[in-house]
Amino acid sequence: MTMKRHNYISTVAVAIFLLMMASCVKEPAARSVQLNLETDQIEVKADGGVYLLDVEADQEWVVSCDREWCTVSPMNGNGPSVCEISVDSSYLYSEREAHITFRSEGRSRQVTVNQFGYEMVIVPEVSEVEVPDFTDYGQMFANVGVRANVGFDILVEYQDLSRTGWISVKKQMPASQSIPRSGSVRVDYKMYTESDADRVARIVFRQNDAPEGVAPVESSVVFRQKHAQEIYPSRQGDSLTLLTLSRMMHISESWDVSQPMIHWKNVVLKDRTYFNEKLGEVVTEPRVVKVSFAMFDTNEGIPYHVRYLDQLEELYFTANSNAHIKRIDLGESVCMLSKLKVLSLVGYGISSLPSQMKQMVALEELELSGNNFSQIPMDVISALDKHNLWYVNLSNNRRRDVFSNLYSNRAVSDTLGLHGPLPEELFRLQNVRYIGLSYNYLEGYVPDMGYDAGAYATLQEKIDNNPVMPQLEQLSLNLNYFTGNLPDWILYHPNLRCWDPYTLVFNQYEYAKDSNGRRVGFENEPSSVQQVCHLWDEDNVATYSRANTFDPSVMYETLRNGTIKR
């Protein structure tokens, strides 16, 4: 019994000891999770970009972003890592924000991405553009690059308000959006004739879609055109002018400048006495009195430099490239040639004459064949007829070929060329002796001018009493679309035989119809012409003014019998 009790006590003691030992052992502490980021704020430009972010972690982690325009790679990991944050370019003017959240074992960290919006801008590539007074190849424009993200208008502010209108602007820009886009503005400019100073304008780009209460964005470019090279009337000025005209009009054949001007092809010089403004004294020296240009390419009238050829008496231009599709205003510069007697513009593409030409009182011959007139410039012709004009040729002013049927082409009659009825004032001219109107689209009746030959009995009486243009030595109306009867003033004109009428008057476009559908041709064409041509008499050859281009037979007869004199 005593032994059992002792064993029991020992067992209890051991148990108590073990319990006491167990109570002395501490519970292990919970392990701390590491999750730290390099920064909690990232600022991004509107254009976007890629940014690196250091992540400190000792456990597995994952990441998420609340905006699709911001992405993170990798999206998860275990332990420390470097994440790549990619931000797309913005499409807003205002700022935008994204939140990137990292999570690991119940812990989280957040990074805020702030992306700036685009500033409203209009930024020209250059602050100033300089152009010459003219260009060699007729490209009178400059392109100005512009980077913008707003809509804008373009204004031109001229420095000298007495010299305006020489610039025109055309935008070639993409549609307005927040992301700045590059485009260009084409600035067309005109030739500059002054030599005293440059002319300057400011091209202003001004926003036209600014929010209410916000000042519009504005920028500008200075546009400067250099002044023209100084040329003054003189022998030296003549040579410089000819070379300038040749270059500006792209003449196919140029002169050898190493040779004296007297040897230049198609240039005639004669001694002239004049007041030299540069020297301030009267001088006598050879000056250009005649020049001929052929095979050229221009879309403009005669350049202003021609005014420096102030002794010029004869000026010829022949065969402009693609002349039939051009509509060129001759311009007023040629009107300043006060001594000009002959102006020949053949196949130039001219469609209008300046009113200042009425003041060219010395002009004797006006050759305008092969151009693009839609009507006879009677205002100029009538004014010059009061002075010295005696030769006018407007033959072959056809812009297009419609061949025989004007009726089927009524809708485009205004684009055909010289078209419509003959004006009566043409046959009231008092001094003009040569009129050429062959191969046009003229139609209707030839005006009778109020003359009725039936009031006279004999042929000679009919001729002698004909009051209409008795001075007319050559008339060509052939290959047009005239109908009806020939008027008496033509049938009984004293020079009818001289006109070679069966070729150059009676002969209309064969089998053609006019714009009213009538068959073309005169109904009373005479079977023979009884008049004699006194202009062909050998004694009168010296006074027969011109080996004219209307009738080769007349030219041959005249050349055969003697020297042509005006």
* Donor-acceptor pair between Gln207 and Asp209 side chains, under 3.5 angstrom -> yes
* Salt-bridge present (Arg199, Asp133; N to O < 4.0 Å) -> no
* How many angstroms lie between atom CG of Leu416 and atom CG of Asn409, to the nearest 0.5 angstrom? -> 6.5 Å
* Asked: Hey, is CD on Gln356 packed in by over 12 heavy atoms from elsewhere, all under 6.0 Å?
  -> yes
* Check whether NZ of the Lys or CZ of the Arg Arg307 lies under 6.0 Å from the centre of the six-membered ring of Tyr304 and within 45 degrees of that ring's axis. => no
* To do: Can you establish whether the number of heavy atoms outside Gln259 located under 6.0 Å from its atom CD is more than 12?
  => yes
* Modelled atom types, side-chain donor and acceptor of Asn114 and Glu43, under 3.5 Å -> no
* Do other residues, nucleotides or ligands put more than 12 heavy atoms under 6.0 Å from Met295 CE? -> no
* Asked: Would you say the side-chain atoms of Asn480 pair up with the backbone N or O of Tyr509, donor to acceptor, closer than 3.5 Å?
  -> no
* Please say which of Leu442, Leu368, Asn372 ends up in a side chain to side chain contact (heavy atoms under 4.5 Å, CB included) with Leu418. => Leu442
* Asked: Taking everything shown except Tyr91 itself, do over 12 heavy atoms lie less than 6.0 Å from its OH?
  -> no
* Check ring-ring contact (aromatic ring centres under 6.0 Å, His included) between Phe317 and all other residues, then give those that pass, not counting sequence neighbours. => Phe293, Phe296, Tyr348
* **Under 3.5 Å: donor-acceptor pair, side chain of Arg410, backbone of Tyr407** => yes
* Is there a donor-acceptor contact under 3.5 Å from the side chain of Trp264 to the main chain of Asp256? -> yes
* Asked: Shortest non-hydrogen contact from Ser333 to Pro303?
  -> CB-O, 3.9 Å
* Quick one: are the ring centres of Phe134 and His305 less than 6.0 Å apart? -> yes
* After noting the C-alpha distance and the side-chain angles of Glu313 and Arg287, does the key distance pass the salt bridge (charged side-chain N to carboxylate O under 4.0 Å, His left out) rule? -> CA-CA 11 Å; Glu313 297 177 3; Arg287 295 290 305 278; over 6 Å; no
* Asked: Can any side-chain N or O of Ser234 pair as donor or acceptor with the backbone N or O of Tyr232 at less than 3.5 Å?
  -> yes
* To do: Count the heavy atoms belonging to other residues, nucleotides or ligands that lie under 6.0 Å from CD of Glu60, then report whether that count exceeds 12.
  => no
* Does Arg327 use its side chain to pair, donor to acceptor, with the backbone of Ser351 at less than 3.5 Å? -> no
* Determine whether the side chains of Glu314 and Tyr316 contain a donor N or O and an acceptor N or O closer than 3.5 Å. => yes
* State whether Arg147 and Glu125 are salt-bridged, where the test is any N-O pair (Lys NZ or Arg NE/NH1/NH2 against Asp/Glu carboxylate O) under 4.0 Å. => no
* Asked: From Asn396 CG over to Ser369 OG, what is the distance, rounded to the nearest 0.5 angstrom?
  -> 7.0 Å
* Decide if the gap between the ring center of Trp166 and the ring center of Tyr189 is smaller than 6.0 angstrom. => no
* Inspect the surroundings of NZ in Lys171 and state if more than 12 heavy atoms from other residues, nucleotides or ligands are less than 6.0 Å away. => yes
* Judged by modelled atom types alone, do Arg103 and Ser108 share a side-chain donor-acceptor pair under 3.5 Å? -> no
* **Spatial distance of atom CG (Leu37) from atom CH2 (Trp61) [nearest 0.5 Å]** => 9.5 Å
* **Atom CD of Gln41: over 12 foreign heavy atoms under 6.0 Å** => yes
* Asked: Which atom pair, heavy atoms only, marks the closest approach of Asn78 to Gln59?
  -> OD1-C, 3.5 Å
* Asked: Quick one: do the Arg400 and Thr415 side chains pair a donor with an acceptor below 3.5 Å?
  -> yes
* Structure fact -> Value for CZ (Arg107) from CG (Leu35), rounded to nearest 0.5 Å, stands at 8.0 Å
* Side-chain donor-acceptor pair under 3.5 Å between Ser515 and Glu443, yes or no? -> yes
* To do: Please report the closest heavy-atom contact between Val222 and Val200, naming both atoms and the distance.
  => CG1-CG1, 3.8 Å
* **Salt bridge Glu56-Arg109, side-chain N to carboxylate O under 4.0 Å** => no
* Glu367 side chain to Val392 backbone, donor-acceptor under 3.5 Å -> no
* To do: List the steps, then state whether ring pair (Phe, Tyr, Trp, His ring centres under 6.0 Å) holds for Tyr93 with Tyr118.
  => CA-CA 5 Å; Tyr93 293 114; Tyr118 283 102; 7.9 Å; no
* Is it true that the NZ or CZ of Arg202 lies under 6.0 Å from the centre of Phe223's six-membered ring and within 45 degrees of the ring axis? -> no
* Structure fact -> Given the options Lys326, His250, Met249, Asn320 meets side chain to side chain contact (heavy atoms under 4.5 Å, CB included) only with Lys326
* Short N-O contact, Glu218 and Arg206, less than 4.0 angstrom -> yes
* To do: Kindly check if the number of other-residue, nucleotide or ligand heavy atoms within 6.0 Å of CD (Gln236) is above 12?
  => no
* Quick one: do the Gln172 and Ser184 side chains pair a donor with an acceptor below 3.5 Å? -> yes
* Asked: Is the side chain of Ser246 donor-acceptor paired with the backbone N or O of Leu242 at a distance under 3.5 Å, no angle test?
  -> no
* Could you state the interatomic distance from OG1 (Thr112) to CG (Asp40), rounded to the nearest 0.5 Å? -> 6.5 Å
* Asked: Does one side chain, of Asn397 or Tyr439, offer a donor that lies under 3.5 Å from an acceptor on the other?
  -> no
* Asked: What is the distance from atom CG of Leu309 to atom CG of Leu340, rounded to the nearest 0.5 Å?
  -> 10.0 Å
* So, are Arg163 and Asp196 salt-bridged, with charged N and O less than 4.0 Å apart? -> yes
